[in-house]
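Just below is one structure, and these are the notes that go with it.
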Amino acid sequence: MSTHLHSPSLRLEKVRGDFPALHQSVNGRPLVYLDNAATAQKPEAVIEAVSSYYRTDNSNVHRGVHTLSQRATDAFEAARANIARYIGASSPKEVIFTRGTTEAINLVAFCFGGTRFKKGDEVIVSEMEHHSNIVPWQMACERSGAVLRVIPVTDSGELQMEAFRALLSERTKLVAVTHISNSLGTINPVEEIISAAHEHGVPVLLDGAQALPHCSIDVTALDVDFYCFSSHKMFGPTGFGVLFGKEHWLEQLPPYQGGGDMIKVVDFAGTTYNDLPHKFEAGTPHIAGAIGLSAAMDYVSGVGFEFIANQEKDLLLYATGRLKAIDGLVIVGNAKHKAAVVSFNLGSAHPYDVGTILDKFGIGVRTGHHCTQPLMKRLGIPGTVRASFSFYNSRAEIDQLELAVRKAAAMLL
Ligand code: C6P
């Protein structure tokens with residue numbers, strides 16, 4: 001890299017140039033996109049990888065002997081190998097393609113819960129989980145007679161680790177917690193959670209939806225049993241995601257859905273299932289999704305986690321300081337270890353009203369309960385306004401946010 005790009009502001013300018021959607025006006029103002037926890041914008045490299053696949057290689061995978069089908073299959077499986085490498089999986093067999101985090105968790109809840117939960121067993125989740133990491137377990141509990149146990153959170157939005165340890169027992173069959181909270185930004189002590197659970201012989205599923213875009217993940221070093229994430233929050237295509245599972249677990253689990261590609265031989269006398277990872281991938285997959293996510297991972301590797309970490313730390317500190325200075329604004333979620341997310345409320349103003357005013361200034365934030373209703377209930381609020389940052393955001397955008405929030409405060413308070 002040339003020397004001038006070592007300057008953080010020039011690097012930021014260059015990085016922003018990679019994301020075409022950032023360069024537009026909304027309501028007559030330059031777009032300030034601060035809804036990255038909902039979905040991230042896509043760099044040119046991802047858009048190009050997806051469109052080049054459709055332009056030249058589009059075909060079905062694992063089915064045809066013709067050239068295009070071979071090319072599509074090679075690109076699809078090369079993407080799997082690259083994704084496996086990126087997350088530190090020991091083999092591509094441990095990388096199951098899904099529609100996203102939600103489907104990845106549902107797969108484990110259905111296949112693992114369906115075969116291993118019995119009446120009186122317990123599954124531990126936390127109070128800060130996204131609905132995707134609550135409802136599938138409730139459904140698995142309903143089917144099996146198992147019971148959901150919940151790790152409480154503190155007022156500042158951290159897991160109560162002593163309470164977690166006290167919940168672990170011989171009845172516990174699985175611990176399923178989020179790596180990073182989407183509503184509060186809390187980074188959970190996942191190493192500690194995994195080692196405490198493993199001491200009791202209990203496997204751990206981590207919901208990594210909010211972690212992948214912010215930090216490097218090594219599932220083997222973490223020793224996590226299942227790790228789920230979505231491509232679209234990681235600068236890749238929507239409708240695509242990954243379930244990482246340790247090979248010995250995936251080998252033991254029954255298939256999720258039946259159909260093409262997940263079988264070896266089908267006969268009315270009985271069907272034999274395919275090997276990993278295909279056993280869990282019934283039907284034509286999202287081929288462009290895999291290719292796009294793989295390109296997104298290459299892109300993020302090129303940007304580098306040193307830049308990403310420095311940039312996001314700066315944005316979090318700067319935004320926290322600027323917003324805290326506004327009369328009547330209360331930040332929700334003050335964990336010691338936080339990702340670049342600032343959730344807040346403005347007096348008694350409804351978050352939707354604040355979000356609607358911010359949109360008039362070209363600022364995109366998320367408002368509401370963020371699919372974490374139990375957490376909102378615990379905190380005694382209906383929802384929040386959430387500004388979630390990515391490495392391509394700038395301090396100047398936070399200045400715009402502060403200005404618009406001050407205008408909203410003047411109108412609503
Ligand atoms: N959170 C947000 O604005 P899907 O929809 O399957 O890609 O991801 C679901 C999901 C699971 N876990 C966590 C921690 C998440 O943050 C999300 C998605 C978005 O916060 C949309 S609700």
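Note that ligands are numbered from 1 as they come in the structure, with each ligand's atoms numbered from 1 the same way.
For the residues N106, I105, D207, N182, the heavy atom positioned nearest atom 13 (C) of ligand 1 is part of D207. Remark: among candidates H370, R386, K233, the nearest residue to atom 1 (N) of ligand 1 is K233, based on non-hydrogen atoms.
Between A45 and A295, the closest heavy-atom pair is O-CB, 4.1 Å.
Interface atoms of ligand 1 facing S230, defined by a heavy-atom separation under 4.0 Å, are 4 (P), 6 (O), 7 (O), 8 (O). In summary, the atoms of ligand 1 found under 4.0 Å from a heavy atom of T178, numbered by their order in the structure, are 14 (C). Residue-ligand proximity, Q210 to ligand 1, at heavy-atom distances under 4.0 Å covers atoms 1 (N), 14 (C), 15 (C), 16 (O), 20 (O).
A cation-pi geometry, defined here as NZ or CZ lying under 6.0 Å from the six-membered ring centre and within 45° of its normal, holds between R80 and F97.
Residues H369 and H131 place their aromatic rings such that the two centres sit under 6.0 Å apart.
Polar contact with ligand 1: present for H232 (N/O pair, distance under 3.5 Å).
Considering only heavy atoms from C-beta on, N27 stays 4.5 Å or farther from F361 through its side chain. Annotation: side chain of S69 is not in contact with side chain of N60 (no heavy-atom distance under 4.5 Å). The shortest distance between side-chain heavy atoms of V175 and L168 falls below 4.5 Å.
With a 4.0 Å cut-off on non-hydrogen atoms, A37 touches ligand 1 through its backbone and not its side chain.
Nearest protein heavy-atom neighbour of atom 15 (C) of ligand 1: H130 CD2, 3.4 Å. For atom 21 (C) of ligand 1, the nearest non-hydrogen atom of the protein is R366 NH1, 3.4 Å. Scanning the protein for heavy atoms near atom 6 (O) of ligand 1, the closest one is T102 OG1, 2.5 Å.
In this structure, the side chain of E103 does not engage the main chain of T98 through any donor-acceptor pair within 3.5 Å.
Aromatic ring orientation, Y392 versus F235: perpendicular (interplanar angle above 60°, classes split at 30° and 60°).
Using a 4.0 Å heavy-atom cutoff, H131 is absent from the residues neighbouring ligand 1.
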